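Below: one structure, written as structure tokens.
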Amino acid sequence: MIIQHVTEVTPEIVAAARDSLLDGGVALVPTDTVYGLAVAAGRPEAAARIFALKNRPAAKNLPIMVAGVDQLPTLGAVVTPDARKLLDVFAPGPITIAFGLSGAPAWLDGRDEIAVRIPKEEALLAILRETGPLLVTSANAHQQETPETVADILAMLDGEPDVVLDGGPRQSVPSTLVNCNLPTPRIERVGQIPSDQIEKVLS
């Protein structure tokens, strides 16, 4: 396990995370909400390691992070007018949106929707620009809150990630999840963005 202390975003830190991810590794990364466990898209063996680290049921699909809205078409995401409103106001930031799929890449076979977030965290955005979409889920044991520090996260996980970016303490409140793959969007998890702000944008 390689631990990098991220006091500033450097090419060396980005390269270390990029190389590990593209080689099939698992990275513990800071986001603008909680810490996340990340793997490169299309790496089922790496995704399986995330499930093992978290003791998470493998039937649960992993969310996706991208560097910008321009990457959504490459995922086959169906961006509805309501989803576009939310993206325009809250992304990048602490909102996760569930999209329907049309013409998705092969690594998304078997899914009829995806949950996607564009983080507002410079180190992670720099990595995403190098790697393309990443599967990223909160860095916690299944059904437990995500600890605020790297040390507490590593003590909770069942094993070790390959590379760790320690960006200091993070909040334990996740992103707000809105399902836009429905006739009427539905808030499925209230996180850092209050429900009244979501409803105001959608009204």
Side-chain angles (χ1 to χ4, degrees), residues 6 9 28-38 41 50 54 56 60-102 104 108 111-129 132-150 152-153 165 167-203:
V6 186
V9 183
L28 175 62
V29 294
T31 82
D32 49 320
T33 57
V34 299
Y35 273 92
L37 291 167
I50 282 188
K54 289 170 60 81
R56 173 176 171 152
K60 291 182 174 289
N61 288 322
L62 296 173
I64 300 167
M65 285 195 182
V66 295
V69 294
D70 59 314
Q71 292 186 345
L72 292 174
T74 70
L75 302 175
V78 177
V79 182
T80 63
D82 285 323
R84 176 61 62 183
K85 291 179 186 177
L86 295 173
L87 289 167
D88 288 345
V89 174
F90 298 116
I95 187 167
T96 299
I97 299 176
F99 299 95
L101 289 174
S102 177
L108 288 173
R111 294 206 202 186
D112 57 11
E113 70 177 24
I114 50 174
V116 184
R117 186 157 90 86
I118 304 168
K120 193 175 183 179
E121 168 67 39
E122 201 49 52
L124 183 50
L125 284 172
I127 294 165
L128 285 162
R129 293 184 192 110
L134 295 173
L135 301 174
V136 185
T137 184
S138 55
N140 58 306
H142 183 54
Q143 295 185 328
Q144 301 295 316
E145 283 197 358
T146 306
E148 296 183 355
T149 67
V150 163
D152 288 340
I153 290 168
L165 302 188
R170 299 284 149 145
Q171 300 181 55
S172 59
V173 181
S175 63
T176 295
L177 171 60
V178 183
N179 191 336
C180 288
N181 187 31
L182 297 168
T184 301
R186 182 175 65 217
I187 299 171
E188 297 194 340
R189 180 184 67 212
V190 178
Q192 289 195 19
I193 302 173
S195 57
D196 61 339
Q197 291 187 27
I198 300 291
E199 291 161 359
K200 182 179 179 180
V201 170
L202 294 176
S203 64

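The structure presented is a predicted model; accordingly, all values stated were derived computationally and were not measured.
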Legend entry - Nearest atoms (heavy-atom pairs only) where P92 meets K120: O-CD, 3.8 Å

Legend entry - Nearest-0.5 Å distance, CG of residue N179 to OG1 of residue T184: 11.0 Å

Legend entry - Under the side-chain hydrogen bond (donor to acceptor under 3.5 Å, both in side chains) test, residues paired with R129 that sit two or more places apart: E122

Legend entry - Euclidean distance, Q171 CD relative to T146 OG1, rounded to 0.5 Å: 12.0 Å

Inset, instruction - Evaluate side chain to side chain donor-acceptor pair (under 3.5 Å) for T96 paired with S175, printing each intermediate quantity in order. - result: CA-CA 6 Å; T96 299; S175 63; 2.7 Å; yes

Inset, instruction - Kindly indicate whether the side chain of I50, heavy atoms from C-beta on, has any atom under 4.5 Å from the side chain of L62. - result: yes

Legend entry - Minimum-distance pair of heavy atoms, taken over all atoms of S172 and V34: C-CG1, 3.6 Å

Legend entry - Partners meeting side chain to side chain contact (heavy atoms under 4.5 Å, CB included) with P194 (sequence neighbours left out): D196, Q197

Legend entry - Qualifying side chain to side chain donor-acceptor pair (under 3.5 Å) pairs, either residue in residues 60-76, two or more places apart: none

Legend entry - Residue pair G191 / V173: nearest heavy atoms and the distance that separates them: C-CG1, 3.7 Å

Inset, instruction - Can you see which heavy atom on M65 is nearest to which on L128, and at what distance? - result: O-CD2, 3.3 Å

Inset, instruction - Answer yes or no: is there a side-chain heavy-atom contact under 4.5 Å between L182 and E113? - result: no

Inset, instruction - For a side chain to side chain contact (heavy atoms under 4.5 Å, CB included) with R117, tell me which candidate from I95, I97, V136, T33 qualifies. - result: T33

Inset, instruction - Using the salt bridge (charged side-chain N to carboxylate O under 4.0 Å, His left out) rule, collect all pairs that involve residues 169-180, keeping only residues at least two apart or in two chains. - result: E121-R170

Inset, instruction - Quick one: which residue pairs count as a salt bridge (charged side-chain N to carboxylate O under 4.0 Å, His left out) with a foot in residues 175-195, not counting sequence neighbours? - result: R186-E188

Legend entry - D82: partners by side-chain hydrogen bond (donor to acceptor under 3.5 Å, both in side chains), with sequence neighbours left out: none

Inset, instruction - Tell me, please, which residues at least two apart from I187 pass side chain to side chain contact (heavy atoms under 4.5 Å, CB included). - result: T176, V178, V190, S195, I198, E199

Inset, instruction - Indicate yes or no for a side-chain donor-acceptor contact from K54 to the backbone of N140 under 3.5 Å, with no hydrogens or angles considered. - result: yes

Inset, instruction - Return the minimal non-hydrogen interatomic distance between Y35 and L165, and the atom names on each side. - result: CE2-O, 3.4 Å

Inset, instruction - Would you please name every residue forming a side-chain hydrogen bond (donor to acceptor under 3.5 Å, both in side chains) with T149, sequence neighbours left out? - result: D152

Inset, instruction - Mind checking salt bridge (Lys or Arg N to Asp or Glu O under 4.0 Å) for R84 and listing every partner two or more places apart, or none if nothing turns up? - result: none

Legend entry - With T137 via side-chain hydrogen bond (donor to acceptor under 3.5 Å, both in side chains) - residues at least two apart: R56

Legend entry - Interatomic spacing from CG in L135 to CG in L37 - rounded to 0.5 Å: 11.5 Å

Legend entry - Residues in side chain to side chain contact (heavy atoms under 4.5 Å, CB included) contact with V116, at least two apart in sequence or another chain: I64, V66, L72, L75, F99, I114

Inset, instruction - Find out whether L134 and I127 are in side-chain contact, i.e. whether some heavy atom of one side chain is under 4.5 Å from a heavy atom of the other. - result: yes

Legend entry - Minimum side-chain heavy-atom gap V201-L86 below 4.5 Å: yes

Inset, instruction - Locate the shortest heavy-atom distance separating A67 from I118; write the atom from each residue and the value. - result: O-CG2, 3.7 Å

